[in-house]
Amino acid sequence: MKIATWNINGIKARRDTLLTWLGQDAPDIVCIQEIKCMDEAFPSEAFEDLGYNVAVHGQKSFNGVATLSKLPFDEVTPRLDGDEADEQARYLETVVSVPSGVLRIANLYLPNGNPVDSEKYPYKLAWMARLQARAEALLALEEPFVMAGDYNVIPMPDDVHNPAAWTDDALFKPETRAEFRKLLNLGLTDAFRACHDEPHRYSFWDYQAGAWQKNNGLRIDHLLLSPQAADHLVACDIDSTPRGWEKPSDHVPVWIELKL
DNA sequence: ATGTCGATACTTTATCGA
């Protein structure tokens with residue numbers, strides 16, 4: 001079972017790019033972020049024609065997540081617990097049945113948090129605390145689950161080209177990295193780092209300043225696995241090729257293979 | 001650390017968010 005995550009930066013602008021990638025890569029489940037549209041504007045039919053079931057949690061203009069799955073959804077639950085007043089569409093949890101039982105997929109678009117002296121940074125940290133609480137609740141079920149998405153977190157200095165330039169950024173501040181580490185300390189596995197120890201492998205390159213050409217990137221898109229999922233992890237990688245295509249997203253897909 | 005991009009609106013250029 002192949003599961004991918006990809007921040008596509010606008011489904012209207014990236015529909016055909018995503019279809020092309022799905023046509024050649026054919027993952028079983030894809031978590032996409034930043035669809036930037038309302039539920040009813042999502043082009044579900046195009047993906048259904050490729051054999052995917054579609055779950056959408058969108059909003060106008062910003063944010064928004066959608067999960068595509070070749071397996072039917074047993075459950076679809078939008079929103080992250082912990083703040084009823086939070087209107088931002090950033091979290092979509094689904095459950096599918098697999099031969100060995102169930103598999104839960106949390107699709108998340110974690111807040112960017114910049115600028116750090118605005119209300120956006122405390123919102124990011126609070127959102128990360130809510131995600132930890134959700135992870136704890138799910139871990140108690142002792143079932144396989146994947147938390148996949150754009151975390152907007154650079155976990156380690158080796159995950160960015162020039163770490164010294166990022167020390168005060170919301171994606172790399174010590175407080176941000178500490179909140180991410182709490183997820184790992186609960187018992188979740190960073191799938192990419194379980195499979196790779198080479199430094200400077202990136203999932204995002206800014207549109208500006210020739211970042212892609214200079215390989216000036218960030219590793220901020222992650223798949224975190226529960227112990228019951230990590231036990232079945234056989235491969236993980238970043239597919240950077242779509243960053244070189246026409247009109248690319250600034251992020252590329254990251255995928256795992258689970259033997260379930 | 002800014003050489004860009006996507007979506008939106010009292011649009012055809014400015015603003016916001018990343």
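Keep in mind it's a predicted model, so treat the numbers as computed, not measured. So you know, we letter chains A, B, ... as the sequences are listed, proteins then strands, and number each from 1.
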Q: Evaluate the ring planes of A:Phe180 and A:His222, with Trp represented by its six-membered ring, and classify them as parallel (under 30°), tilted (30 to 60°) or perpendicular (over 60°).
A: tilted
Q: Could you say whether A:Lys12 or A:Ala211 is positioned toward the 5' end of DNA chain B, judged by the nucleotide with the nearest heavy atom to each?
A: A:Ala211
Q: May I ask you to say whether A:Arg79 pairs ionically with A:Asp86, meaning some side-chain N is under 4.0 Å from a carboxylate O?
A: no
Q) Rounded to the Å, how far apart are A:Leu110 CG and B:dA18 P? A) 12 Å
Q: May I have the distance from A:Asn162 (atom CG) to B:dT2 (atom P), rounded to whole angstrom?
A: 13 Å
Q: In whole angstrom, give me the gap between the C1' atoms of B:dA1 and B:dT13.
A: 26 Å
Q: Identify, between A:Asn114 and A:Ile11, the residue whose nearest nucleotide on DNA chain B lies closer to the 5' end.
A: A:Ile11
Q) Between A:Lys120 and B:dA18, is there a side-chain N or O to OP1/OP2 distance below 4.0 Å? A) yes
Q: Would you indicate what A:Phe204 reaches in the nucleic acid, counting non-hydrogen atoms under 4.0 angstrom: base, sugar-phosphate, or nothing?
A: nothing
(Q) With no hydrogens and no angle check, just 3.5 Å: does a side-chain donor-acceptor pair link A:Ser249 and A:Asn9? (A) no
Q: Check whether any side-chain N or O of A:Arg90 sits under 4.0 Å from OP1 or OP2 of B:dA18, and answer yes or no.
A: yes
Q | Flag for A:Trp21-A:Asp239: side-chain donor and acceptor within less than 3.5 Å | A | yes
Q) For A:Gln208 and B:dA1, what is the distance between atoms CD and P respectively, to the nearest whole Å? A) 11 Å
(Q) Using atom C1' in both nucleotides, what's the gap between B:dT15 and B:dC10 to the nearest angstrom? (A) 14 Å
Q) Base, sugar-phosphate, or nothing: which does A:Ala209 touch, judged by heavy atoms less than 4.0 Å apart? A) base
**Q.** P gap between B:dA7 and B:dG3, integer Å
**A.** 23 Å
(Q) For B:dT4 and A:Lys247 - does any side-chain N or O of the residue sit under 4.0 Å from the phosphate oxygens OP1/OP2? (A) no
Q.
How many whole angstroms separate atom CG of A:Asp250 from atom C1' of B:dT2?
A. 14 Å
Q | is_close_aromatic(A:Tyr202, A:His161), centroid dist under 6.0 Å | A | no
Q.
Quick check for you: among B:dC5, B:dA18, B:dT8, whose closest atom lies nearest to any side-chain atom of A:Tyr207?
A. B:dC5
Q | Rounded interatomic separation in angstrom, taking CG from A:Asp206 and P from B:dG17 | A | 17 Å
Q: Measure from the side chain of A:Trp166, starting at C-beta and using heavy atoms only, and say which of B:dA1, B:dG6, B:dT4 lies closest.
A: B:dA1
Q: For side-chain hydrogen bond (donor to acceptor under 3.5 Å, both in side chains), just list the numbers for A:Ser44 and A:Tyr52, CA-CA rounded to whole Å, side-chain angles, deciding distance to a tenth of an Å, and then say yes or no.
A: CA-CA 9 Å; A:Ser44 298; A:Tyr52 288 98; over 6 Å; no
Q: Nearest whole angstrom, please: distance from the C1' of B:dC16 to the CD of A:Glu119.
A: 13 Å
Q: Grab the NZ-P distance between A:Lys60 and B:dA7 for me, whole Å please.
A: 13 Å
Q. Using a cut-off of less than 4.0 Å, is there contact between a side-chain N or O of A:Lys214 and OP1 or OP2 of B:dT2?
A. no
Q) Between B:dA18, B:dT8, B:dA7, which one does the side chain of A:Glu34 approach most closely? A) B:dA18
Q: Calculate the interatomic distance between A:Arg14 atom CZ and B:dT4 atom C1'; express it in whole Å.
A: 12 Å
